[in-house]
Amino acid sequence: MVARRKVAVVGVALSDCGRVDDATPYALHAQAARRALADAGLDRSLVDGFASAGLGTLAPVEVAEYLGLRPTWVDSTSVGGSTWEVMAAHAVDAITAGHARAVLLVYGSTARADVRAGRRTGTLSFGTRGPMQFEVPYGHTLIAKYAMAARRHMIEYGTTIEQLAEVAVQARANAALNPEAMFRTPITVDEVLSGPMIADPFTKLHCCVRSDGGAAVLLVAEEYVRDCRTSPVWVLGSGESVSHAAMSEWPDFTVSPAAVSGRLAFERAGVRPAEIEVAEIYDAFTYMTLVTLEDLGFCGKGEGGAFVEKGRLRVEGGELPVNTDGGGLSAQHPGMRGLFLLVEAVRQLRGECGERQVRRDDGSPPRLAVASGTGGWFCSSGTVVLGVG
């Protein structure tokens with residue numbers, strides 16, 4: 001049997017994030033890409049694979065052209081927030097098969113600045129064509145769909161609004177340790193509950209922030225690792241799954257497609273959930289964190305509410321630090337946040353996170369992490385297991 005070619009993440013970076021009023025999405029793509037290549041210590045001439053989604057009429061052709069790249073392998077998969085975990089899985093497959101040697105994943109968005117400048121409005125609907133035409137007349141916004149799912153979990157399993165609020169509180173506690181997070185002031189459960197109602201049961205602080213920002217991740221074949229200035233973070237396993245588009249076709253509001261993508265990722269990595277030391281989970285809403293923790297196997301179905309209590313998700317003293325940068329709830333969320341999960345997971349494994357760095361009992365950085373992205377209204381999921389050593 002021929003040994004499988006290993007693939008490592010060797011460069012990660014963020015563009016300027018948060019409040020960025022004087023840059024275009026293309027500029028944020030470029031800034032993140034340059035920083036990721038500099039992080040790896042590699043020249044862009046090595047990059048022969050490119051993945052991008054969400055910008056341009058011919059994504060990723062326009063963005064590659066803007067960056068001065070002429071890739072021979074491309075991916076424009078677009079499945080919402082999980083796009084980047086799915087793209088990372090595709091990139092690993094391409095590198096393993098010898099179709100590419102170095103693949104750059106890039107994202108950038110001025111979602112906040114565009115709303116502020118009147119160039120766009122808040123997204124209320126994904127459209128009225130196809131299956132969506134039967135749901136849009138009932139006024140189901142994106143937020144309302146997540147709220148409905150959260151309410152179902154509360155009815156089925158007794159999950160409380162206070163438990164959901166704990167997710168936001170602990171995300172903010174982690175953000176307080178991150179100098180680049182948009183919101184760092186600690187919050188309490190009472191403050192979460194007393195905020196303005198957005199979609200029952202979600203008040204404002206149950207929902208992610210709207211920010212600007214970009215991110216980039218560079219993956220290479222193992223033979224190029226020796227040329228890098230950074231220590232490699234290996235992609236151990238990945239999984240992807242789609243569930244539904246219409247809410248009426250979702251079999252169970254309390255189960256996300258992470259139940260499938262997570263199982264596949266852990267099986268392929270040869271790792272058990274109990275071995276994971278850091279988890280970066282898509283958190284457009286507090287319920288996403290809670291149900292994804294269940295579906296990835298960190299606790300049983302219906303036990304997410306109890307699991308998130310008692311500070312388990314915190315960097316400081318938490319049993320399973322989750323969204324160590326503050327997540328989409330407090331750090332940044334520029335439209336599709338999946339690539340930011342991979343950046344933070346890699347930085348944690350490399351021990352580069354400063355005050356928010358997770359450490360083992362002997363003081364060393366963690367050795368295993370998982371990044372799990374969610375797209376749409378739990379329509380898709382991509383999960384990637386990463387490790388060092």
Side-chain angles (χ1 to χ4, degrees), residues 159-193 195 203-209 258 273-300 303-333 337 340-374 386:
T159 306
T160 68
I161 193 63
E162 289 80 9
Q163 290 170 333
L164 288 171
E166 270 291 345
V167 175
V169 170
Q170 293 177 62
R172 183 63 64 87
N174 293 344
L177 306 174
N178 177 11
E180 297 181 343
M182 280 189 74
F183 297 96
R184 303 180 63 197
T185 303
I187 56 176
T188 65
V189 168
D190 286 343
E191 287 174 320
V192 176
L193 301 185
T203 54
K204 181 178 180 179
L205 292 176
H206 283 281
C207 307
C208 66
V209 301
E275 298 176 76
I276 296 296
E277 297 165 282
V278 175
E280 307 299 340
I281 292 174
Y282 208 99
D283 63 339
F285 306 96
T286 53
Y287 176 61
M288 294 177 76
T289 303
L290 185 146
V291 77
T292 304
L293 285 167
E294 293 180 350
D295 292 336
L296 292 179
F298 292 114
C299 59
E303 298 175 2
F307 185 84
V308 301
E309 292 179 328
K310 301 179 181 178
R312 280 191 172 94
L313 314 185
R314 294 175 183 256
V315 168
E316 296 181 332
E319 296 174 23
L320 178 68
V322 172
N323 296 337
T324 48
D325 62 346
L329 293 170
S330 287
Q332 76 289 110
H333 196 300
R337 194 175 180 271
F340 293 77
L341 307 179
L342 291 168
V343 171
E344 180 67 11
V346 169
R347 287 177 168 175
Q348 283 289 341
L349 293 175
R350 296 196 316 204
E352 299 173 346
C353 291
E355 192 177 358
R356 70 179 188 278
Q357 180 63 52
V358 175
R359 297 198 178 277
R360 310 175 93 190
D361 291 341
D362 63 1
S364 63
R367 301 183 67 82
L368 287 171
V370 65
S372 189
T374 303
L386 302 162

* Exercise: do Glu280 and Ser372 side chains pair donor with acceptor under 3.5 Å -> no
* To do: Find the distance between SG (Cys353) and CG (Leu177) and round it off to the nearest 0.5 Å.
  => 10.5 Å
* Asked: Once you round to the nearest 0.5 Å, how far does CE of Met288 lie from SG of Cys207?
  -> 11.5 Å
* Asked: With sequence neighbours excluded, what pairs up with Arg314 under the salt bridge (charged side-chain N to carboxylate O under 4.0 Å, His left out) test?
  -> none
* To do: Taking side-chain hydrogen bond (donor to acceptor under 3.5 Å, both in side chains) as the test, write out the residues that go with Thr292, two or more places apart.
  => none
* Asked: Is it true that the side chains of Ser364 and Asp362 contain a donor and an acceptor less than 3.5 Å apart?
  -> yes
* Could you tell me which non-hydrogen atom of Pro366 sits nearest to which non-hydrogen atom of Leu349, and how far apart they are? => O-CD2, 3.4 Å
* Please identify each residue that fulfils side chain to side chain contact (heavy atoms under 4.5 Å, CB included) with Arg184, with sequence neighbours left out. => Pro179, Ala181
* Quick one: closest heavy-atom pair of Gly326 and Asp283, and the distance? => O-OD2, 4.3 Å
* Structure fact -> Residues at least two apart in sequence or cross-chain that pass side chain to side chain contact (heavy atoms under 4.5 Å, CB included) with Phe183, listed by chain then number, are Arg19, Arg172, Val209
* To do: Could you tell me which residues satisfy side-chain hydrogen bond (donor to acceptor under 3.5 Å, both in side chains) with Glu275, sequence neighbours excluded, listed by chain and number?
  => none
* Check whether any side-chain N or O of Asn323 sits under 3.5 Å from a backbone N or O of Val167 as a donor-acceptor pair, and report yes or no. => no
* Please name the residue in the list Leu205, Leu164, Ile161, Thr203 that meets the side-chain contact (heavy atoms from CB on, under 4.5 Å) test with Leu193. => Ile161
* Asked: Do Val358 and Thr324 touch side chain to side chain, with heavy atoms closer than 4.5 Å?
  -> yes
* Exercise: identify the closest heavy-atom pair between Val192 and Ala168 -> CG2-CB, 4.2 Å
* Ile281 side, atom CD1; Phe298 side, atom CZ - distance, nearest 0.5 Å -> 6.0 Å
* To do: For Glu316, check side-chain hydrogen bond (donor to acceptor under 3.5 Å, both in side chains) against everything at least two apart and list the hits.
  => none
* To do: Mind listing the closest non-hydrogen atom pair of Thr188 and Val169 along with its distance?
  => C-CG2, 3.5 Å
* Taking all non-hydrogen atoms of both residues, which atom of Pro273 and which atom of Gly297 are closest, and how far apart? -> CB-O, 3.8 Å
* Below 4.0 angstrom, N of the basic side chain to O of the carboxylate: do Arg367 and Glu277 qualify? -> no
* Is the shortest heavy-atom distance from the side chain of Val322 to the side chain of Thr289 under 4.5 Å? -> yes
* **Heavy-atom check, side chain of Val315 versus side chain of Gln357, under 4.5 Å** => no
* With sequence neighbours excluded, tell me which residues meet side chain to side chain contact (heavy atoms under 4.5 Å, CB included) with Glu180. => Leu14, Asn178, Arg347
* Asked: If you round to the nearest 0.5 Å, how far is CG of Asn174 from CG of Leu329?
  -> 10.5 Å
* **Partner set under salt bridge (charged side-chain N to carboxylate O under 4.0 Å, His left out) for Glu344, not counting sequence neighbours** => Arg356
* For the atom pair NE2 (His333) and CZ (Phe340), what is the distance rounded to the nearest 0.5 Å? -> 9.5 Å
* Asked: What residues form a salt bridge (charged side-chain N to carboxylate O under 4.0 Å, His left out) with Glu162, not counting sequence neighbours?
  -> none
* Structure fact -> Sequence neighbours excluded, the answer for side chain to side chain contact (heavy atoms under 4.5 Å, CB included) partners of Glu303 is Cys299
* Asked: When you measure from the centre of the six-membered ring of Tyr282, is the NZ or CZ of Arg337 under 6.0 Å away and within 45° of the axis?
  -> no
* To do: Report the residues that fulfil ring-ring contact (aromatic ring centres under 6.0 Å, His included) with Phe285, sequence neighbours left out, ordered by chain and then residue number.
  => Tyr146, Phe202
* **Check: Arg312 side chain, Ala306 main-chain N or O, donor-acceptor pair, under 3.5 Å** => yes
* Structure fact -> Sorted by chain and residue number, the side-chain hydrogen bond (donor to acceptor under 3.5 Å, both in side chains) partners of Thr185 (sequence neighbours excluded) come out as none
